[in-house]
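Lettering follows sequence order; numbering is per chain, from 1.
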There are 2 protein chains.
Amino acid sequence: MVQEKGYSVSSSDSSRQKSKKPRQARDAEATQAQILDAAEEEFARYGLAGTKIDEIAARTGVVKAMIYYYFKSKEGLYQAVMQRIGSELDIVSEQLVSDSLSIQEAIEASIRSGITYGAMYPHRGMLWFYEAIQNQGQYGQSSGWQKSFWGITTILERGMAEGVVRSLDPFLTAINILGVCTFYFNAHENLKYLDPARQLLSAEAIEQQIQAAIDLIWAGIKA
Amino acid sequence: MVQEKGYSVSSSDSSRQKSKKPRQARDAEATQAQILDAAEEEFARYGLAGTKIDEIAARTGVVKAMIYYYFKSKEGLYQAVMQRIGSELDIVSEQLVSDSLSIQEAIEASIRSGITYGAMYPHRGMLWFYEAIQNQGQYGQSSGWQKSFWGITTILERGMAEGVVRSLDPFLTAINILGVCTFYFNAHENLKYLDPARQLLSAEAIEQQIQAAIDLIWAGIKA
DNA sequence: ATTTTAACTGAAAGTTTGGTCAGTAGTTGA
DNA sequence: TCAACTACTGACCAAACTTTCAGTTAAAAT
């Protein structure tokens, strides 16, 4: 449903932790992946213009010049980040719109898949916003989101045809479903002020949110 | 429901349009409001770090030094912007949680109010995200949102007690309702790529979205 | 061993941008 | 009409940030 490709797993792991490790011996691929990981998080926090190369370098433990060595410019690095996301993105699988699942199952699987992806990369939703707002989508309006959107509208239309989904606007409803799937993570930094005790990104909290979302949406659209 | 205070209306109007007007004669209040308007939009697009003072000055038609004259620093300007938003914010009125409305009416009014506010200031949702993600909410985690959130949980709890709302998690459901109300505007720049013909911010589109949201949410939570 | 290649570094150059300042010009009040 | 005040301006400075580069070290190739 959601899977990584390219860039070894180990590199991804090692760089996610902030502590400045002694850094591995010369390993081009690992270094690039580390830079990309740190860059992705920084870009997701501050956007293209707001991100500082020094900050990425500091987080990576690599010297600044390394970034230019591999990615030639800040923009080049940003492009590489967006490209990697695009290539990893395979959220709502093609199967969901096929006939193997019932409408209800397909909707539920879509929601579960969307929220699971959000839990895996809680910061990417913001990157997606940034890209459209700050850069007019010039660096890739990742087609993955589009696909999952149209997948949902298709399921909704089929549901209405079958009579299991009430009469509704598939376009707006798909937007609102996506909204439920993504808001939790986009607003996570805000929401934590509401109840600091609640661990919003814990596995149990995510599972509860998946159930709450499924219950809300399915009750909201069923005939 | 939603109302402005301070800063004259005319100033707000004149600066919203991008074309460089000849600028009015010396009018301290109007100039400040113009700067604040332009700053709010820029900050909402690029965040605190990503925004350039020169850009704000260019949009305002005022010279850069003017901004420092009135707001003393970029941070000061940002604070002023956040403060103005906080003072204008009066979204979900206190009445909604009172007994004058039925549960269903209160929920519908909350949704309508939230979306109407979003339509008025489509960019402010991003400012809200930025504030938490980039600045750890140090410049005001505008209490307005918090109030409307807890207002919704209260309504939901009352609804469950009355038996008109099904058994659900009020905390998560309130989050998801807020998600539906805000995603449409936050993602507006992304969504426009889906169907360029659709005018997402037109009055009719907004009204349709209000209806779609109300229908989805109420069907989703009613007993 | 020795040459070659590629990963890596520190420092400095070049550019952008936040912030200042001395001075100008309307406006108000005496 | 003159003085005092305040809005406003253009040029300039300093700090921050991006980008470059000459040089160093580890690994691979011969």
- Message: Check this one for me: any side-chain N or O of B:Tyr69 less than 4.0 Å away from OP1 or OP2 of D:dA7?
- Response: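 For D:dA7, OP1/OP2 do have a side-chain N/O of B:Tyr69 under 4.0 Å.
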
- Message: Please tell me if B:Thr31 has a side-chain N or O lying less than 4.0 Å from either OP1 or OP2 of D:dC8.
- Response: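 Indeed, a polar side-chain atom of B:Thr31 lies that close.
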
The side chain of [X] is closest to which nucleotide in this list: [options]?
X	options	value
B:Arg26	D:dT19, D:dT6, C:dG18	D:dT6
B:Tyr68	D:dC8, D:dT19, C:dG19	C:dG19
A:Ala28	D:dA7, C:dA7, D:dT9	C:dA7

- Message: Considering every strand and a 4.0 Å limit on heavy-atom distances, what is the contact class for A:Asp54: base, sugar-phosphate, or nothing?
- Response: base

- Reckon B:Ala65 touches a base, only the sugar-phosphate, or nothing at all at heavy-atom distances under 4.0 Å?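 The residue B:Ala65 makes base contact.
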
- Message: Please determine whether the number of non-hydrogen atoms from other residues, nucleotides or ligands lying under 6.0 Å from atom CD of A:Gln83 exceeds 12.
- Response: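 Counting other residues, nucleotides and ligands, CD of A:Gln83 stays at 12 neighbours or fewer.
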
- Message: Can you confirm whether more than 12 heavy atoms, excluding those of B:Glu207, are under 6.0 Å from its CD atom?
- Response: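 For B:Glu207, atom CD is crowded (more than 12 foreign heavy atoms under 6.0 Å).
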
[X] [atom1] to [N] [atom2]: how many Å, rounded?
X	N	atom1	atom2	answer
B:Lys64	D:dT9	NZ	C1'	12 Å
B:Tyr46	C:dT16	OH	P	16 Å
B:Glu75	C:dG19	CD	P	9 Å
B:Leu77	C:dG18	CG	P	11 Å
A:Gln32	C:dA6	CD	C1'	12 Å
A:Lys74	D:dC17	NZ	C1'	8 Å
B:Ile56	C:dT17	CD1	P	13 Å
B:Ile67	C:dT20	CD1	C1'	14 Å

- Item | Pairwise 5' ranking along DNA chain C for B:Ile53 and A:Tyr70, keeping only the more 5' one |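 Counting from the 5' end, the first nearest nucleotide belongs to A:Tyr70.
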
- Task: Using side-chain hydrogen bond (donor to acceptor under 3.5 Å, both in side chains) as the criterion, point out the one residue from A:Glu40, A:Arg45, A:Glu42, A:Glu41 that pairs with A:His123.
- Result: A:Glu40

- Query: Can you check whether B:Tyr130 and A:Tyr130 have ring centres sitting under 6.0 Å from each other?
  - Reply: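 Yes: the rings meet the under 6.0 Å criterion.
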
- Message: Quick check: A:Phe171 with A:Phe149 (ring centres under 6.0 Å apart)?
- Response: yes

- Message: Determine whether a donor-acceptor pair (one donor, one acceptor, N or O, separation below 3.5 Å) exists between the side chain of A:Lys72 and the base of D:dT19.
- Response: no

